[in-house]
Structures are given as C-alpha cells and as structure tokens.
There are 2 protein chains.
Amino acid sequence: MPIHSLDRDVEERLSDRDVRYTRGRRRVVAALHEADGPMSAAELHGKVGADVPLSSLYRTLAVLEETEVVMPHFGARGITRYELAEWLTGHHHHLVCVDCGTVDDINVPPQHEAAVRVLVEKIAAAAAFSPSAHVLEIEGSCSRCR
Amino acid sequence: MPIHSLDRDVEERLSDRDVRYTRGRRRVVAALHEADGPMSAAELHGKVGADVPLSSLYRTLAVLEETEVVMPHFGARGITRYELAEWLTGHHHHLVCVDCGTVDDINVPPQHEAAVRVLVEKIAAAAAFSPSAHVLEIEGSCSRCR
DNA sequence: GTAAGAATGAGAACTACTATCATTATATAT
DNA sequence: ATATATAATGATAGTAGTTCTCATTCTTAC
Ligand SMILES: [Mn+2]
Ligand SMILES: [Mn+2]
Ligand SMILES: [Zn+2]
Ligand SMILES: [Zn+2]
C-alpha cells in the first residue's frame, strides 16, 4: 500500500474517533510502513529520531493501539514490537530469528493461507474452542545471523 | 508422562551437565508438570509456595532454561511464561485467550500436525528461509471469559 | 571431617513501560 | 482574527517484571 493511501486511511480512522493525526503520530506510522517487520519502541526511537522523547513514543503507540491502527506483537524475547494492523497491511505471518529475535513479515500465498485456516478450524474444533484468529510463526536463523 | 519418569529424565539431563537437581528445582518442575499451559513466575510463585523467594524462582527458571528443561513463551501481553520443553512433553500448540491472556496447551492429532509441517516448509521455502521450528497459536476467548 | 564449589536468600539494581502534570499546540466558537 | 476549550506533548517520577550481587548455607569429593 502506498504511503499516501495508508495515511488517508489512518487519518479517517482517527478522525472517526475524534483523535488527532498529529506530526508525531504520522512519523510513527510512516516508520512502521517502511519497516519490514514489527518494531520495538527502542527501534522506533532510533528510526523516527531521538529527538522524540520515549514517553511520547510509548504514548503514541498506546493511542495507535487503542484506535487499532497498530497491533502489538509479543513473540520474541519478551519485548513488545508494533506493526500496522492487518486491515492496513493485509493478513500475514512472521519469520522469527531464534538467534537475534528479529521478526520479518512473510506473505503467504492465498492457497496456503486457506489451508492454514482450515487446519486451525479443525484443530480448534477438536478442543471445543472457536478461534477468532491464528498466529503462525516460523522460527529459524535470519540472514544476518546465518 | 508420569511425574517420576519426567523427574528421572530431568535428573539425567541435569547431571549430564553437572547441574544439581535440587529440591527447589524439583518443585518448579513438578508445578509445571501439573499445569495445563505455560506459567509465569508470579503464577509459579503462588503454586510452589510464597516461601520460595522470587529471586530464587527466577534463577531456577533461568537454570532450567539454559539446560533446556523449560522453554519460555512470550505470546501474551508481554509477560514471560514457562513450560516444560517439548522433548519432555511432546510437541503441541496453544490456545490463547485474547481477553485474559491465559494460554492452554492443545494437542494436535498427528495427521494435522504433519499438514502444518508441510505448510510451514512450503511457506518458508518461498522466502528462502529454512525453518527450525514453528509456533501455531489459536486465539479466541477461553471458557472462563466466554 | 575438611575443603571446594554450587545453590540459595535478601535486597539492590536495571529495563521496559506507565502515570503525572505543567506547557504547548490545535480546533472550534465568536 | 481572537478567545476559549480541549487535546497532545515533554520532562520526569513511578511501577512491574526481571536480573545482579554478595554473603550465607548446602552438597559433593576427598
Ligand atoms: Mn508483521
Ligand atoms: Mn504449552
Ligand atoms: Zn538474526
Ligand atoms: Zn480468558
């Protein structure tokens, strides 16, 4: 998705909720748009510039999470990373580096995704659990660590 | 797996690495064995008894993690939960409650597990990534929250 | 038993994150 | 355009979860 259309979508979502889409918030959304996987507060701090205070960054992330513009990811080494919500990016999965913790997005072709969904339904049904979503993460060593 | 055979396996693993299998460590392993999903340090503290200091509990968990008797799980709301490693429990997946964060083990019948593995291989291959493991978590509301 | 090394307990320290509050920016009304 | 109300921000203090330090106690090997 091009940045301007993303920006328009986020703008609309925020204005619907009477939340302002300020310069600081735009910078975070842009940084997440450029990223190729979820980013931690510290990583974002480096990317959007250290002049943005960490407290503001955390608050911005909290606001964007409440408005469902971003989603938290808790999958690696206990640090929270954020990514744009799937209604903005499309559903996808992750490659997680077991050595350094880096998380990269991976797009799954539709037929495989459909197969995953079917499997999840079957597995959940056997436990009388009705799934609202699934998370599939593939672990291995990233190119930097290999 | 019965507790005494689990205990024997852990004992052997630790003695192979010249690490002692002490009373405190046994209590943590037993608590994890009785649990039906990964447990946080706080939850374990409640279960093994508040007389065990938290610092000792954390250290015990660190030792058991280094020796690969337990594995950390980072999937819910940023708190680390521990479970017995899969060489002790068998490979399995998780049902994660999106409301309260509870994580429950779910066993996947072999044919479905095989299908998951095949899918993971295909998806990873498309990204030139060679997977060492996969994590499949099914999200929904647990029985308590429903 | 004694000596050496390992484990433990108490508490300090650290890191990621959250809350507070005074200041600044923005939006709306006039 | 100015005034007023409200929202966002920055600096900083506070909190929760986790790790580190070090003195003491327990185990193991001799
Ligand atoms: Mn992602
Ligand atoms: Mn489990
Ligand atoms: Zn890596
Ligand atoms: Zn629940």
Side-chain angles (χ1 to χ4, degrees), chain A residues 10-31 38-67 69-83 100-101 103, chain B residues 10-31 38-67 69-83 100-101 103:
Chain A
V10 174
E11 185 149 27
E12 187 181 339
R13 160 70 58 119
L14 293 193
S15 87
D16 281 353
R17 314 233 180 153
D18 296 309
V19 172
R20 294 179 192 163
Y21 194 26
T22 59
R23 190 158 45 259
R25 292 168 185 177
R26 281 173 201 274
R27 286 168 80 178
V28 169
V29 168
M39 298 188 75
S40 67
E43 289 162 349
L44 281 167
H45 193 232
K47 188 152 182 178
V48 306
D51 55 309
V52 176
L54 266 179
S55 66
S56 300
L57 194 43
Y58 276 112
R59 192 175 17 207
T60 294
L61 288 168
V63 168
L64 294 177
E65 184 181 350
E66 277 158 23
T67 51
V69 170
V70 305
M71 281 288 295
H73 176 272
F74 304 110
R77 295 159 193 291
I79 69 162
T80 307
R81 289 157 189 266
Y82 290 86
E83 62 183 342
C100 70
V103 182
Chain B
V10 174
E11 185 150 28
E12 187 181 340
R13 160 69 56 118
L14 294 192
S15 87
D16 281 354
R17 314 233 178 154
D18 296 310
V19 172
R20 295 179 190 160
Y21 194 28
T22 59
R23 190 159 41 260
R25 292 169 185 177
R26 282 172 200 274
R27 285 168 79 177
V28 169
V29 168
M39 297 187 76
S40 67
E43 290 162 348
L44 282 167
H45 192 232
K47 189 152 180 176
V48 306
D51 56 309
V52 177
L54 265 179
S55 66
S56 300
L57 193 44
Y58 277 111
R59 193 175 17 205
T60 293
L61 288 169
V63 168
L64 294 176
E65 184 181 350
E66 277 158 24
T67 51
V69 170
V70 305
M71 283 286 295
H73 176 272
F74 304 110
R77 205 60 249 178
I79 68 160
T80 308
R81 288 157 189 266
Y82 290 87
E83 61 183 342
C100 70
V103 183

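Sequence lines set the chain letters: A, B, ... in the order given, protein chains first and strands last, and positions in each chain run from 1. These numbers come from the heavy atoms of this one structure, side chains and all, not from hydrogens, waters or symmetry mates. If you're wondering where the values come from, they're calculated on a predicted model, not measured in any experiment.
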B:Met39 vs B:Lys47 side-chain heavy atoms within contact, under 4.5 Å: yes
Sugar-phosphate, base or nothing in reach of B:Thr80, heavy atoms under 4.0 Å: sugar-phosphate
N/O (side chain, B:Thr22) to phosphate O (OP1/OP2, C:dT8) under 4.0 Å: yes
Any B:Arg25 side-chain heavy atom under 4.5 Å of B:Val19 side chain: yes
Contact check, side chains of B:Val28 and B:Val52, non-hydrogen atoms, under 4.5 Å: no
D:dT9 phosphate, OP1 or OP2, under 4.0 Å from A:Arg23 side-chain N/O: no
Interatomic distance, B:Asp18 CG vs D:dT27 P [rounded to whole Å]: 17 Å
Interatomic distance, A:Leu14 CG vs D:dA7 P [rounded to whole Å]: 14 Å
For atom CG of A:Asp51 and atom C1' of D:dA11, their distance in whole Å: 15 Å
Listed nucleotide nearest any side-chain atom of A:Arg20, set D:dT9, C:dA7, D:dT6: D:dT6
B:Glu65 vs B:Tyr82 side-chain heavy atoms within contact, under 4.5 Å: yes
Positions of residues 54-64 of chain A (non-hydrogen atom under 4.0 Å from DNA chain C), listed by number: A:Ser55, A:Tyr58, A:Arg59
Interatomic distance, B:Ile79 CD1 vs C:dC17 C1' [rounded to whole Å]: 15 Å
Spacing between A:Glu65 atom CD and C:dC17 atom P, to the nearest angstrom: 11 Å
Given C:dC17, D:dT18, C:dA7, the nucleotide with the shortest approach to the side chain of A:Ala41: C:dC17
Separation of atom OH in A:Tyr21 from atom C1' in C:dT26, rounded to whole Å: 17 Å
Test item: A:Arg13 side-chain N/O and A:Val69 main-chain N/O as donor-acceptor pair under 3.5 Å: no
Side-chain heavy atoms of A:Tyr21 within contact of A:Val29, under 4.5 Å: yes
Atom pair distance, as rounded to whole Å: NE2 in A:His45 and C1' in C:dT15: 15 Å
Qualifying residues under salt bridge (charged side-chain N to carboxylate O under 4.0 Å, His left out), relative to B:Arg81, sequence neighbours excluded: B:Glu43
Rounded distance (Å) that lies between atom C1' of C:dA16 and atom OH of A:Tyr82: 10 Å
